[in-house]
Participant: 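Below is one structure. I have some questions about it.
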Amino acid sequence: MSHPPQPPRTSHLTQGAGLAKDLAERPAALQPTRDPGATLPDLLEVLLNKGVHLNLDLIISVADIPLIGVNLRATIAGIETMLEYGMMRQWDEQTRAWVQKSLTKHLPMADGEEIVSAMAASYLHDDFYQAWRPGRAYLTNRRLILHRRDPAETLWQSTLADISGVEPVQETSVGGETRTRLKLKMRDGSEEMISAADPQALLKLLRTELNSEGQSLGGGANGSAGPAQQQVGPLFSGSLWVLETLAQGSTWRGGRGTLEEAGDFTWKSPMDSRPLLRCGPSEIVTVERETLNNPTDHDEVLRVETSRATYRLASPELSKWQQHLTEWAHATKEAPHGAAG
Amino acid sequence: MSNTAAQEAETLYVYGIVPAGSPEPAVAGIDGAELQTVTAPSGLAAVVHIHRSGPYEGPDEDVKRWVLAHSDVIDDCWTRAGAVLPVSFNVIVRPSERTGSPAIDQLTEWLDSSAGELSQRLDELAGTSELRVEITLDQHAQAAEHAAVRELRAEMESRPAGVRRLLEKRLDKLERQITDQAADELFPVSRARIAAHCLQIQGYAPSSRTKGAISVLSVACLVDELQITALGAELAEIRDEVPAADIRFLGPWPPYSFVDLTAPGPEQDGDQQQGQQPTA
């Protein structure tokens, strides 16, 4: 075969399509499909995860066992993503119990030990030979575990108390991509290397857990360079509500806003895979306060007008957001940079 | 159903909640189980079957069959009764361990004690459907006209097969990068356009991934039945504007994703917040 693979569909409209468009102002409406062949995975997802879960210990026994293989159910539920976000603690107790139970079926937990996050990860085995061993990283409030489910094997684990610090390390992979690995510094002076699906998220969560374990990250605080110089953090970030307009009225969505010093202002919901809002500093037209019902204690929200759209943002830290957004937009107007697209 | 000693150990498998007096379901339940309606004084009814074993558990293939049967019942209720609160798979009412009161009494009590909330949600969902929209971009189609891609393709033509295989990997990566950027731009716009036709909208993780397809958006939409065509027309426009877009449009279904009776609190990240009207 000497041809490059044929694209599965043409990238150009056929001439006929132009004609059809001329005949009718609007294209014919897309018809939804109910064909079970096409919709089965979706049906499974909703029926296993949605619907009335009667909330009553007294009367109803909701089966809390995973009925469909954990893998299938976890994937369809988007639970994987939520776990990567470390959102365990924000779920209701029932969901938490279910996930905990599913995960711990093959990974025994101590009393009071709770999963904080789980994601695909690899452990750099460096003993007689060096090799990345794939599995999943489970961060609990007590341990960090690299575990492979099938065949079951704990590739590596440590109590948080034995980890003195964690640092991101940039490495170039075989394919030429830059990857962030996490280097763990152990109390006994040794080091371990892991990779993870979302290294930044795991880094952050791990640091949080290490801190709450009562660890001062500078176990070597009196000298060694802190992790600060390695990290290029955002200028400002925090939880932020964004108002979304619906057919009737509108609704506030919870999520996270991030303001990058030499980049964009973005807002992303944990339910979405991409930011719903993204704009460069030069796109900001105005940032003003406005009185509007919102989920915070403030009476006011921010009305952010960009060259493309107008957004309404609510936050418990409204003044800070206003200040940072205004300064950020202003600063880059004075000294424009070419990064934003 | 009478309340005899023999029935005390019986549990009730629940499919959905409908307004009392709704037409009886015309289909059978899971594995052909005979369906019954338990009506509570509050004007609500639950569609159930008498269940004598534990929760359904087994190989994925069995679970798929059960889940589909469960969904058929809800669908039937929805078509006939016009409104239904779908109940999750494997919700089983058992007799009270404390008082020994049979499952049917437990269920009736629950229907009555939750009547306010349940009736309100049934009213709100009457005349609505759930539709799902998944938009993906075909990476070949999206990136085909990109200068860097054309250059690389041209280069590939003149190279021996071995080098070409390496370049194909680079081409794939390049196409994915270009398409991912396009998806980032398309997401906010398409979500806003879809949301404008929805009573509620909720993102979810896409169920399957096709090679070469980059996901832009996956949303469950609660739509007034009369607005389904308008949503379909909007999608057709998006499809025509973005030739590389592939749109899956599923439904109409009973409002499975929108029966949540308790919305998360404001501190919690996530959707499904109680709608707030932007009143000054």
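Naming: A, B, ... by sequence-line order, numbering from 1 per chain.
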Participant: Run the side-chain contact (heavy atoms from CB on, under 4.5 Å) check on B:Arg153 and B:Leu171 step by step: do they pass?
Facilitator: CA-CA 8 Å; B:Arg153 278 197 186 279; B:Leu171 177 66; 3.9 Å; yes
Participant: Should A:Arg312 and A:Leu292 be marked as a side-chain contact (heavy atoms from CB on, under 4.5 Å) after you check the CA-CA gap, both sets of side-chain angles, and the distance that decides it?
Facilitator: CA-CA 9 Å; A:Arg312 285 176 176 81; A:Leu292 190 65; 3.5 Å; yes
Participant: Measure distances from A:Thr33 to the heavy atoms of chain B and classify the residue's part below 4.5 Å as side chain, backbone, both or neither.
Facilitator: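 Contact with chain B: backbone and side chain both.
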Participant: Who are the side-chain hydrogen bond (donor to acceptor under 3.5 Å, both in side chains) partners of B:Arg65, not counting sequence neighbours?
Facilitator: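 In terms of side-chain hydrogen bond (donor to acceptor under 3.5 Å, both in side chains), with neighbours along the sequence ignored, B:Arg65 is linked to B:Asp31, B:Asp62.
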Participant: For each of B:Asp180, B:Thr229, B:Asp224, tally heavy-atom pairs with chain A at distances under 4.5 Å, and name the one with the top tally.
Facilitator: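 Answer, by heavy-atom pair count under 4.5 Å with chain A: B:Asp180.
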Participant: Please confirm whether the backbone N or O of A:Leu246 pairs with a side-chain atom of A:Ser250, one donor and one acceptor, at under 3.5 Å?
Facilitator: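 Flag not set: sc A:Ser250 to bb A:Leu246 has no pair under 3.5 Å.
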Participant: Using non-hydrogen atoms and a 4.5 Å limit, figure out which bit of A:Gln31 sits close to chain B: side chain, backbone, both or neither.
Facilitator: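 Answer is backbone: N, CA, C or O of A:Gln31 sit under 4.5 Å from chain B.
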Participant: Quick one: what part of B:Ile194 sits under 4.5 Å from any heavy atom of chain A, side chain, backbone, both or neither?
Facilitator: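 For B:Ile194, neither part sits under 4.5 Å from chain A.
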Participant: Flag the pair A:Asn294 / A:Glu300 as yes when at least one side-chain heavy-atom distance between them is below 4.5 Å, and no otherwise.
Facilitator: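 Side-chain contact under 4.5 Å: no.
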Participant: Measure distances from A:Arg34 to the heavy atoms of chain B and classify the residue's part below 4.5 Å as side chain, backbone, both or neither.
Facilitator: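 Both parts, backbone and side chain.
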Participant: Atom SG of A:Cys279 and atom CH2 of A:Trp267: how far apart are they, to the nearest 0.5 Å?
Facilitator: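 Separation between the atoms: 14.0 Å.
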Participant: Heavy-atom pairs under 4.5 Å with chain A: which of B:Asp184, B:Val219, B:Leu235 has the most?
Facilitator: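 Highest number of pairs under 4.5 Å: B:Asp184.
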Participant: Flag the one option from A:Pro275, A:Ala29, A:Pro32 with the top tally of heavy-atom pairs under 4.5 Å to chain B.
Facilitator: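 Maximum pair count with chain B is reached by A:Pro32.
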Participant: Give, as side chain, backbone, both or neither, the part of B:Ala183 having an atom under 4.5 angstrom from any heavy atom of chain A.
Facilitator: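 Both parts, heavy atoms under 4.5 Å.
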Participant: Give, as side chain, backbone, both or neither, the part of B:Leu131 having an atom under 4.5 angstrom from any heavy atom of chain A.
Facilitator: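 Interface part for B:Leu131: side chain.
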Participant: Side chain, backbone, both or neither: which part of B:Trp66 has an atom under 4.5 Å from a heavy atom of chain A?
Facilitator: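 For B:Trp66, no heavy atom lies under 4.5 Å from chain A.
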Participant: In terms of heavy-atom proximity below 4.5 Å to chain A, should B:Ile228 be classed as side chain, backbone, both, or neither?
Facilitator: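 Interface part for B:Ile228: side chain.
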Participant: Contact part of B:Gln139 toward chain A, heavy-atom cut-off under 4.5 Å: side chain, backbone, both or neither?
Facilitator: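 When you check distances to chain A, no heavy atom of B:Gln139 falls under 4.5 Å.
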Participant: Is B:Asp240 close to B:Ile238 at the side-chain level, that is, under 4.5 Å between some pair of heavy atoms?
Facilitator: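 No, their side chains stay 4.5 Å or more apart.
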Participant: Assess, by modelled atom type and distance only, whether the side chains of A:Glu244 and A:Tyr311 contain a donor and an acceptor separated by less than 3.5 Å.
Facilitator: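 Their side chains do not contain a donor-acceptor pair, so the 3.5 Å distance test is not met.
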Participant: Just wondering, more than 12 heavy atoms not from B:Arg165 lying within 6.0 Å of its CZ?
Facilitator: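 Open: at most 12 neighbouring heavy atoms sit under 6.0 Å from CZ of B:Arg165.
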Participant: Side chain, backbone, both or neither: which part of B:Ile74 has a non-hydrogen atom closer than 4.5 Å to chain A?
Facilitator: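 For B:Ile74, the contact with chain A is made by the side chain alone.
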